[in-house]
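Each remark here refers to the structure printed beneath this line.
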Amino acid sequence: MKLWKGRFQKEADPKTNDFNSSISIDSRMYRQDIEGSMAHAAMLGEQGVIDKSESEKLRGGLRDILADLDSGALRIDPDAEDIHTFIEGELTKRLGDTGKRLHTARSRNDQVALDVRLALREECAGLKPQIEELIAVLCNKALGYAGSVMPGYTHLQRAQPITFGHHLLAYAEMLLRDLGRFDDALKRMDVMPLGSGALAGTTYPLDRELTAKLLGFSQVSQNSLDGVSDRDFCAEIAFASSMAMVHLSRLCEEIVLWCSWEYKFIELDDAFSTGSSIMPQKKNPDLAELIRGKSGRVFGDLMGLLTMMKGLPLAYNKDMQEDKEAVFDAVDTLKLCLTPLIPMLETMTVFEDNMRSAAARGFINATDCADYLVAEKGLPFRDAYKITGELVALCIRKGLTLETLPLEEYQAVCPDFDGGVYQAISLERCVEGRKVLGGPAPENVRAQARRVLGLVQGQE
Ligand code: ARG
C-alpha cells in the first residue's frame, strides 16, 4: 500500500514497483534513517509539536525496530518503496496512531538528504584508517629501502638515480592529499537539512539547531530549497574516491611492471598472486590489475552523479534517487581495493640487486657527470651538458658505460676531466648528494618517512 493512497484511485502497476523502488540500495541506511527519526521525534517533543509522551513512545518504537533489524528478527521488505517508507510503516504497525505522528513537519526529501549525509559520514570514517594504514605500510617500506638505488624514470626511460624508498613515499604524499580531500568534503557535508521539508520549510516551530546537535552536525542548512536539492557532497566524495583510485591505479600499474621479467624489481607473495589455467610457469599480478581496472567504475560513478544533477530544476527530483547507488559504489570500491592492496605491499619481496643493476644501465648518472664539470671544473652547464652527451654517444658506440669508459677517452672529449669523475658518477654518491628538501638522499627519505608516519599515526 502506497503512502499517497488518499489521492489515488488505483494501486500502482506492479511493473513500476521495482523501477520506482530504491529499497535495494537504501536499506543499508536503516540505522541512519532511525537515528534521524529519533532526533526528529525528540525535537518535536521538546517543541511541543507532539506530546512528550508520544515523542518518547516514538523513540522507544524506533529503538525496538533498530534492535530487531540488527538482530535479524525483523526483515526489510524488499517490496517496500524505500527505507523511509518501510520504517515508518513498521513503526505505525507497532504503535498505531502514534506512529503516524513521526512524519509531522518532515518530508522524505529532507529525510533522505539527511540519511545520505549520515551514511557517508560513517563511510568516510571507515575509509580514513584504511588509507592511513596504506600510508604507514609505504612509510615502513621506505624506511627499509631508503638506500636502495633504483632508476627513476621519465617517459618510462631511465632518467636519474633515486631510491626505492623515495619512490614509495611519492605515493604516501598522494594518499595524504586524499585524506585531506575526504576531510574537506566532510566539512562541507556537516550541514543538517531536516526542517527544509519537501522544499519550502514548514510552519511548525521547529528547533533545527537542536536536531543538528542531537545528530552531531555543526550547522543547519540555510535555504530550504538548497537543503533538499544539494548533492554536492555526493559528488565531492565520489571525486575524492576517484582521485584516490587514480593513485591506487598508478601504483598498481607500477607493481604490474615491476613484477614482469623485464623489470623484476619485486615479486608478490603467492597469497596475493594468481596462476594461469594453461601456462604452468605463470604468476600473475591479477589483484593489482583489478584495482587498476576498478578505477574506471569509480570515475563512472562520479560522472554519473554530475550528469544526473546538471540539468535538474529546483528542488527535489526523483532523478536524485540515483545518487546513492553511485556514491556508495565509489566508496565501497575504494575500500574493496584498499583491503588486498595493503597486505599485498606489506608482503612483497623487493629485489634490490635487480634495481641496482637496472640503475647501472641507461646512463642515469649523465646529469651528475655534467654537474661534476660545472661544480669541479667551472664549466657553464650548457657546455657540460653537450660534452656529456658526446660521452654517452661514445659509450654507446663502444658498448661501455660512463663508469667503464677510460679516463683518456674522457679527456679526449674534454681535457678538464680527471679521475674525480668516477667518484662523482657513482650511483650511491649521486643519490646521497641529492639532499635538497624533497630529494632522494637516504637520510631525507628516512626523515620524510618518519614525518609522514607521525602525521598518520597522530591522526588515529
Ligand atoms: N527514495 C527517495 C530517494 O532516494 C526518497 C525521497 C523520495 N521523495 C519523493 N518525493 N519521491 O531519493
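Below, all heavy atoms of this structure are taken into account, side chains as well, without hydrogens, waters or symmetry copies. Atoms within each ligand, like the ligands themselves, are counted from 1 in listed order. We're numbering straight along the sequence, starting at 1.
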Problem - Donor-acceptor side-chain pairing of T274 and N284 below 3.5 angstrom - result: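 Their side chains do not contain a donor-acceptor pair, so the 3.5 Å distance test is not met.
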
Salt bridge or not for [X] and [Y], using N-O below 4.0 Å?
X	Y	answer
R94	E90	yes
E81	R108	yes
D190	K187	no

Exercise for the section: Can you spot which of Q448, M174, R451 makes a side-chain contact (heavy atoms from CB on, under 4.5 Å) with L169? Expected result: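 The residue from Q448, M174, R451 that satisfies side-chain contact (heavy atoms from CB on, under 4.5 Å) with L169 turns out to be Q448.
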
Against heavy atoms of [X], which atoms of ligand 1 measure under 4.0 Å?
X	value
Q321	1 (N), 2 (C), 3 (C), 4 (O), 12 (O)
S22	1 (N)
D82	1 (N), 2 (C), 5 (C)

Exercise for the section: Look at the rings of Y153 and F265 and say which category their plane angle falls in: under 30° parallel, 30 to 60° tilted, over 60° perpendicular. Expected result: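 Geometry flag for F265 against Y153: tilted rings.
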
Practice task
May I ask you to identify the nearest protein heavy atom to atom 12 (O) of ligand 1, giving residue, atom name and distance to one decimal place in Å?
Solution key: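 I find the closest protein heavy atom is Y316 OH, 2.6 Å.
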
Exercise for the section: Look at atom 10 (N) of ligand 1 and say which protein heavy atom is nearest, naming residue and atom and giving the distance to 0.1 Å. Expected result: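 Answer for atom 10 (N) of ligand 1: N109 OD1, 3.1 Å.
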
Exercise for the section: Answer side chain, backbone, both or neither: which part of K324 comes under 4.0 Å from ligand 1, heavy atoms only. Expected result: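 Answer for K324: side chain.
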
Practice task
Between D323 and ligand 1, find which residue part has any heavy-atom pair under 4.0 Å and reply side chain, backbone, both or neither.
Solution key: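 The answer is neither; D323 stays 4.0 Å or more away.
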
Exercise for the section: Identify which of R108, M29, H84 has a heavy atom lying nearest to atom 11 (N) of ligand 1. Expected result: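 Heavy atom nearest to atom 11 (N) of ligand 1 belongs to R108.
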
